[in-house]
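Below you'll find the structure, written out as structure tokens, and then a few comments.
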Amino acid sequence: MAVLQVENIYKRFGRTEVLKGIDFSLEKGEVLVIIGASGSGKTTLMRCLNFLEKPDVGRIMVDDKVLFDTEAAETLKESEIREKRLHFGLVFQDFNLFPQYSVLKNITLAPTLLKKGTAQEIEANAKRLLEQVGLLNKMSAYPCELSGGQKQRVAIARALALNPEILCFDEPTSALDPELTGEVLKVIKELKDTGSTMIVVTHEMEFARNVADKVVFMADGVIEEMGTPEEVFGNPQSPKTQAFLRKAHEGF
Amino acid sequence: MVTLKLFGLTLLFSLPLGLLISFGSMSKFKPVKYLFKFLVWVVRGTPLMLQLILFYFGPGLLVNMLEGAGVNNLLTDMMRALNQADSLIIAVIAFVINYACYFSEIYRGGIEGIPVGQYEAGYVLGMTKTQIFFKVVLMQVVKRIVPPMSNEIITLVKDTSLARTITVYEVIWAAQDFVRNDGILWPLFYTGAFYLLFSGLLTLIFGFIEKKLDYYRG
Ligand SMILES: Nc1ncnc2c1ncn2[C@@H]1O[C@H](COP(=O)(O)OP(=O)(O)O)[C@@H](O)[C@H]1O
Ligand SMILES: [Mg+2]
């Protein structure tokens, strides 16, 4: 049974059509990797899933329950949107940690505000997550004291603290120095091994090939090609995919 | 002492009023937004001295006009009350409005300077708008506005002397009386020392606050 079904998503900003009918589905425990040139609509798609943008047309279903449907006439209240977006987590390209709080507080803030348990439970869980991303020794540090790679790992722990069913990553390593990407990709790889369902937008082709169960190549707001890593990387069908991969191979 | 009273009351009322004005000038409802922007433009674009004189003489002239026209409503009553009010109260009103407008711009700069990513991180973590404002944004705004606020508040210390134009017996005027009556100059130095001490004290306090907020960057 598909944990996520995305159907016919359209989104435009003014005159620019950014998403022109996106369809895909995701099984529990699967990792979907989205690749594509800059401007092809990857970020907008992630934002639609996390209710940061509202699609003009389309339907989003999680566990066969409709979360969002432009066919349904009702408009969602803010409280309903809040509840629905908790099915998803989002890790941003530029981390967006809260600078005034310690690493630990960054992770415990939202669960505390949402009353996801007692203070002790929330803190114990946060520490377990920090251990998982290898940063338990940094729990009292402030974000400004961390390297980019460490910041992103804290951001991942922060997203995990709310137990999202589907964790989305929007170019999690694009803001990092090349030598720091490895530690973040390693954490994502480990999450896959523990069965997390994830959608990862990335330009790291080597990583995409290793971690993906399914690869989507987006171009100009549509899914140009979709398949297993072997299919998309090994034997791309569309000329656009071939051109993109050739360029990626030569280095950006 | 009159100068301190004027200073304290102005801060007490203009700090919260400024926040309201800043919300008004950031309103998504265009008429409200432009109304507040206009107010801020007028108040910041004209001298405080002129505003003091307006609040001092304006009500009396209006009362005459309204009574002459036979109008006798709430506005007339309000103007009558203002006309009979103590000049210190008039000064406080003018100062509060003036400083609230300056503060509102500082607040606005502080709030608008917070990256949208901070709000979005809060949203994605399921927080409400109110939680995001108080738990995520507010502290960062405070950190940003302390330096410009401290400048503005130290300016207020010295601006209090303008209240004399509408017969508020503030500290320079008091000193001047000594100069005139007793033919001695040194009371003026005392007032100078008073201002220096006052603004020095404020500088220390704000320096302390800035230091307290210095535990993080960004
Ligand atoms: N808020 C917005 N307003 C206007 N245009 C936008 C907005 N967000 C994205 N776009 C446009 O949508 C297109 C796709 O952007 P994006 O989803 O960020 O692509 P990608 O993440 O694949 O680089 C770009 O042309 C971008 O300029
Ligand atoms: Mg993007």
Side-chain angles (χ1 to χ4, degrees), chain A residues 43 46-47 49-53 77-103 105-116 140-146 151 154-155 157-164 167-170 175, chain B residues 15 19 22-23 26-30 32-33 106-150 205-218:
Chain A
T43 295
M46 291 298 103
R47 293 172 61 84
L49 292 179
N50 283 274
F51 291 81
L52 291 174
E53 304 286 354
K77 284 203 293 278
E78 203 206 313
S79 58
E80 292 172 316
I81 293 178
R82 253 199 331 275
E83 200 177 300
K84 291 177 183 224
R85 61 158 56 106
L86 285 178
H87 291 284
F88 298 88
L90 178 60
V91 173
F92 298 89
Q93 185 174 338
D94 43 7
F95 334 121
N96 294 329
L97 293 179
F98 306 131
Q100 75 269 40
Y101 293 129
S102 69
V103 162
K105 183 87 193 273
N106 261 277
I107 299 172
T108 56
L109 181 66
T112 307
L113 291 174
L114 303 187
K115 303 195 174 65
K116 291 286 175 191
S140 309
Y142 287 90
C144 60
E145 299 163 338
L146 304 179
K151 282 184 199 168
V154 173
R158 181 176 71 172
L160 287 171
L162 290 171
N163 255 321
L167 186 53
C168 304
F169 295 82
D170 188 11
Chain B
L15 286 171
L19 193 59
S22 79
F23 286 147
M26 289 184 290
S27 169
K28 288 205 185 85
F29 185 56
K30 288 277 166 65
V32 170
K33 173 175 160 170
I106 294 176
Y107 290 135
R108 191 171 64 84
I111 293 171
E112 288 180 344
I114 303 297
V116 283
Q118 291 288 306
Y119 293 89
E120 292 184 345
Y123 284 132
V124 171
L125 293 167
M127 297 183 202
T128 64
K129 281 187 176 151
T130 320
Q131 288 170 341
I132 292 172
F133 183 78
F134 285 105
K135 297 290 179 177
V136 175
V137 176
L138 188 60
M139 263 289 274
Q140 299 183 47
V141 173
V142 169
K143 187 180 165 87
R144 276 159 195 262
I145 66 178
V146 167
M149 275 303 207
S150 79
I205 293 173
F206 283 117
F208 176 75
I209 298 176
E210 266 180 62
K211 201 134 188 205
K212 276 253 145 198
L213 292 171
D214 216 28
Y215 71 91
Y216 77 90
R217 265 176 296 124

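Chain letters run A, B, ... following the sequence lines, proteins first and then strands; every chain starts at 1.
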Problem - Contacting region of A:F98 [heavy-atom separation from chain B under 4.5 Å] - result: both
Problem - Partner residues of A:R82 under the side-chain hydrogen bond (donor to acceptor under 3.5 Å, both in side chains) criterion, sequence neighbours left out - result: A:E78
Handout entry: Donor-acceptor pair, side chain of B:Y216 and main chain of A:S102, under 3.5 angstrom
Key = no
Practice task
Measure distances from A:L90 to the heavy atoms of chain B and classify the residue's part below 4.5 Å as side chain, backbone, both or neither.
Solution key: both
Exercise for the section: Specify which of A:R85, A:E145, A:E83 makes the most heavy-atom pairs with chain B at under 4.5 Å. Expected result: A:R85
Problem - Straight-line distance of A:K151 NZ to A:R158 CZ, nearest 0.5 Å - result: 12.0 Å
Listing, residues 117-132 of chain B side-chain donor-acceptor contacts under 3.5 Å, not counting sequence neighbours, or none:
unit_1 : atom_1 : unit_2 : atom_2 : d
B:Q118 : OE1    : B:Q140 : NE2    : 2.9
B:Q118 : NE2    : A:L97  : O      : 2.8
B:E120 : OE1    : A:R47  : NH1    : 2.9
B:E120 : OE2    : A:R47  : NH1    : 3.1
B:E120 : OE2    : A:R47  : NH2    : 2.7
B:T128 : OG1    : B:Q131 : N      : 3.1
B:Q131 : OE1    : B:T128 : N      : 2.9

Handout entry: Residue A:L113 versus chain B: region with a heavy atom under 4.5 Å
Key = both
